[in-house]
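Since the structure comes first, as structure tokens, the remarks are kept for the end.
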Amino acid sequence: MVKKGIVRIKDIAEKAGVSTGTVDRVLHDRGRVAEEVRQKVLEIAQELNYQPNMLARTLVNNRVYEIAALIPDPAQDIYWQAPKIGIEKAQNELAQFGVRVTQFIFDPYDAGSFKERAGEVVAMGPDAILVAPIFYRESLTFFKKWKALEIPFALFNTHIPDYEPLIYIGQDSYQSGYLAAKLLHYGHPQGATFLVAHIDVDLSNSSHLVNKEQGFFDYFSQISPKTPYSLLHADLHNSSSAAFHEQLDKLLQDNPGIRGIFVTNSKAHTVANYLQMRSITHIKLVGYDLMERNLHFLNKGLIEFLINQNPKGQGYWGIYGLADQLVFKKKVNPIKYLPLDIITKENLHYYIEADL
């Protein structure tokens, strides 16, 4: 009698009327087996819902799979702490299968730092690479090298399909910008001026932020021309200095009709702080990410909505996607889009309590 949920090679062999050695060769593709026998064994394995013992298999192989994780430094931008935690969680769970992850940390504000650390990844010669390619031009150079070396790589946070990565894990940047536009539109159905703000980034080298802006603008291009909407774009820098407030002062003085601001990265809290200091209450703010400083202003009502990018899940599923290919020999879907979750102060606690 086969216990429910436990299927052994012996059980498949008995039902198929063949030896356990034959079943082993079919399941693990280790030798020649007549086609009709192979098909019969596979059909019975599927019927019985056979699940291979991957731990036993990796122990027999005695193989260590080296994965390099090329990620931005959380000490420079706290947003990157979450994917780092996700990577380490996946690493701990997969260690029993021989997976080892080495982290290469680069400065998210210095393309030269990215190039230096990516060069170290090449020198290491890992079995696979997980990378947040926030510097578009520099990333393409290394994608080409990794392709030539036949090293599979996964992308998270930023989707760059040019060199066909094994998998991308993250949100659809264009759709998230489209969603942000829809959220602001609902609050101002009669028309308004909205600002798309890119903060502390090199926009010309940040394709994912460009895609967010395009999604935002495209949403309003579909609105009836009878409804007056004016859309602005601003590249803002030095968010921790007085100069940042001066930039915003000028924007609002020159455009007194602004009623909504969409911040394309995790820095919505910098604008919320400005609105609080200037006692401005008529501007609705939409941004990204459940960082402590953003949550503070969400709860105070200075941020209207946050779009959760699930950065912890991006790191976690990125490592698992590579492990599926390397260790478990599974077919990997090239894109794993994560949900576009809209966070308000009313539903925030459900997401804070969630692990991934």
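K212 has no carboxylate O lying under 4.0 Å from a charged side-chain N of D172, or vice versa, which leaves the two without a salt bridge. Contact check on E88 versus K84 returns a salt bridge, with a Lys/Arg side-chain nitrogen under 4.0 Å from an Asp/Glu carboxylate oxygen. With respect to the salt-bridge test (charged N to carboxylate O, under 4.0 angstrom), the residues E43 and K40 do not qualify. Taking a cutoff of 4.0 Å between a charged side-chain nitrogen and a carboxylate oxygen, E66 and R100 qualify as a salt bridge. Under the 4.0 Å criterion applied to side-chain N and carboxylate O atoms, K250 and E246 are not assigned as salt-bridge partners.
Outside the 6.0 Å centre-distance limit, the rings of F217 and H233 are not counted as a close aromatic pair.
Side-chain contact of D202 with Y109: a donor-acceptor pair under 3.5 Å is absent, judged by distance alone. Remark: the T22 side chain and the S19 side chain contain an N/O donor-acceptor pair separated by less than 3.5 Å.
Under a 3.5 Å cut-off, the side chain of S230 and the backbone N or O of T193 do not form any donor-acceptor pair. A donor-acceptor pair is defined here as one N or O able to donate and one able to accept, closer than 3.5 Å; such a pair exists between the side chain of N347 and the backbone of I342.
When all heavy atoms are compared, the tightest approach of V121 to L70 is CG2-CD1, 4.4 Å. The heavy-atom pair separating Y229 from Q190 by the smallest distance is OH-N, 4.1 Å.
In this structure, R117 forms no cation-pi arrangement with F114, as its terminal cationic atom is not both closer than 6.0 Å to the ring centre and no more than 45° off the ring axis. For the pair K284 and F305, the cation does not sit on the ring face, since its NZ or CZ is not both under 6.0 Å from the ring centre and inside 45° of the axis.
Below 30°, between 30° and 60°, or above 60°: for F153 and F143 the angle between ring planes is below 30°, a parallel geometry.
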(request) Give the C-alpha distance, both sets of side-chain angles, the deciding distance and a yes or no for ring pair (Phe, Tyr, Trp, His ring centres under 6.0 Å) between H269 and F297. (result) CA-CA 7 Å; H269 61 89; F297 288 110; 7.3 Å; no
